[in-house]
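Small disclaimer: the values here were computed from a predicted structure and weren't measured.
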Amino acid sequence: MKKIYVLILAFFLIFSPLFAQGAYEEANKETVIFVDSSGRSVEIPKDVEKVAPSGAVATMFLSAFAPERMCTVSGSPSSDQMKYLPSVLSELPETGQMYGSKANLNLETLLASGAELVIDLGSYKDGIADDLDSLQNQIGIPVIFIEANLPNMAQAFRTLGQILSMEERGEELGAFVDETLAMAKENSAKIKEEERVSVMYTSGADGLATNAKGSTQAQVLDIVGVDNAIVVEKVSDKGGGNQINLETAMLADPDVIVFGDKEIVKEVASLDGWKEIKAVKEGKYCTVPSLPYNWLANPPSMNMILGVWWLGNLVYPQYYDYDIGEKAREIYSILWGYDLSDSEIAALEANSTF
């Protein structure tokens with residue numbers, strides 16, 4: 001009996017730490033399988049407390065959705081942007097862009113942040129599944145992709161709500177996107193063919209970096225019911241879009257031009273070539289509002305919600321009939337918890353109307 005007792009005691013001394021460790025991991029590392037928008041099955045924590053964005057677009061989405069859960073940003077917002085954004089963003093470490101042609105990931109900062117999950121949001125791109133698998137293998141942290149262009153944005157917010165156990169916030173933002181797109185669909189359907197307006201959306205100091213028809217950066221134009229004046233064979237989805245020459249802009253002869261650069265707007269009416277374009281001759285040009293982010297794109301994120309309301313009202317006020325200043329006040333409150341003052345609304349609208 002004594003020998004049996006000794007053997008039993010030895011068994012527990014040897015194996016009880018292993019049992020304890022296994023129980024600890026099961027209790028504290030509960031996971032679920034998430035199938036992301038690229039079709040990848042990824043094991044992620046069931047309860048996510050610390051999340052890192054993969055880049056600028058994801059930073060924008062998460063800073064609106066759950067800034068208190070963020071442990072990094074891709075890059076710190078400027079002082080002008082921070083005026084409108086949750087203050088916590090200015091305190092978070094920068095990790096850079098985690099993958100792609102502009103990747104500059106600071107791996108040490110990411111690992112030190114305690115991130116439990118990396119989230120990539122935006123438009124689907126060919127090869128994204130392989131890119132995210134490579135990133136996940138490199139950093140040792142689960143990485144997921146959620147498609148979040150305008151048609152998929154409402155679902156993207158609801159999916160974030162499920163992942164972060166913030167379903168109420170997900171439904172709030174998802175419902176507002178649904179409202180925005182339903183409003184645009186209803187109003188654009190009223191536009192008669194002879195009323196349709198052609199619009200050129202440009203950026204850059206020379207005004208010739210254009211966002212052509214079908215590009216990710218020009219989604220808002222399609223949704224509100226305008227004709228994108230720039231049509232090219234090979235569409236670029238990059239921030240600068242397709243670079244064209246002035247002759248191409250003159251041949252397109254748009255009814256309206258919305259500029260991403262403020263400076264060119266000041267002198268465009270006196271510039272050779274530009275002053276011959278219909279939009280410039282008739283004074284139908286302005287600057288896209290840009291705080292805290294460009295309202296149309298650059299990058300294309302939830303800021304496009306503002307763009308739908310703004311561009312529709314700018315070009316077809318007879319159908320998109322509302323006070324854009326008051327609508328902006330509502331959206332800033334919903335997205336960033338910021339209450340725009342009357343003077344701030346006036347400043348935002350200063351160069352964004354005809």
Tell me, yes or no, whether the heavy-atom count around [X] atom [atom1], taken from other residues, nucleotides or ligands under 6.0 Å, exceeds 12.
X	atom1	value
E68	CD	yes
E91	CD	yes
N351	CG	no

#### Entry: W295 vs N303, side-chain contact (heavy atoms from CB on, under 4.5 Å): CA-CA, chis, key distance, verdict
CA-CA 5 Å; W295 286 13; N303 47 324; 5.5 Å; no
### Task
Show the numbers, then the answer: is there a side-chain contact (heavy atoms from CB on, under 4.5 Å) between V258 and C286?
CA-CA 5 Å; V258 287; C286 64; 4.1 Å; yes
### Task
Taking the six-membered ring for Trp and the single ring otherwise, decide whether the centroids of F354 and Y285 are under 6.0 Å apart.
no
### Query
Which atom names give the shortest non-hydrogen contact between I305 and V177, and what distance separates them?
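Shortest heavy-atom separation between I305 and V177 comes out as CD1-CG2, 3.6 Å.
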### Query
Does a side-chain N-to-carboxylate-O contact under 4.0 Å join K275 and D272?
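Salt bridge flag = yes for D272 with K275.
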#### Entry: R196 with D255: basic N within carboxylate O range, under 4.0 Å
no
### Message
Pair S74, T59 - check side-chain hydrogen bond (donor to acceptor under 3.5 Å, both in side chains), show working.
### Response
CA-CA 6 Å; S74 63; T59 293; 3.1 Å; yes
### Query
Hey, does the side chain of Q81 reach the backbone of S78 with a donor-acceptor pair shorter than 3.5 angstrom?
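Yes: the side chain of Q81 pairs with the backbone of S78.
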### Query
Stepwise, does the ring-ring contact (aromatic ring centres under 6.0 Å, His included) test hold for W310 with Y322?
CA-CA 10 Å; W310 169 72; Y322 41 79; over 10 Å; no
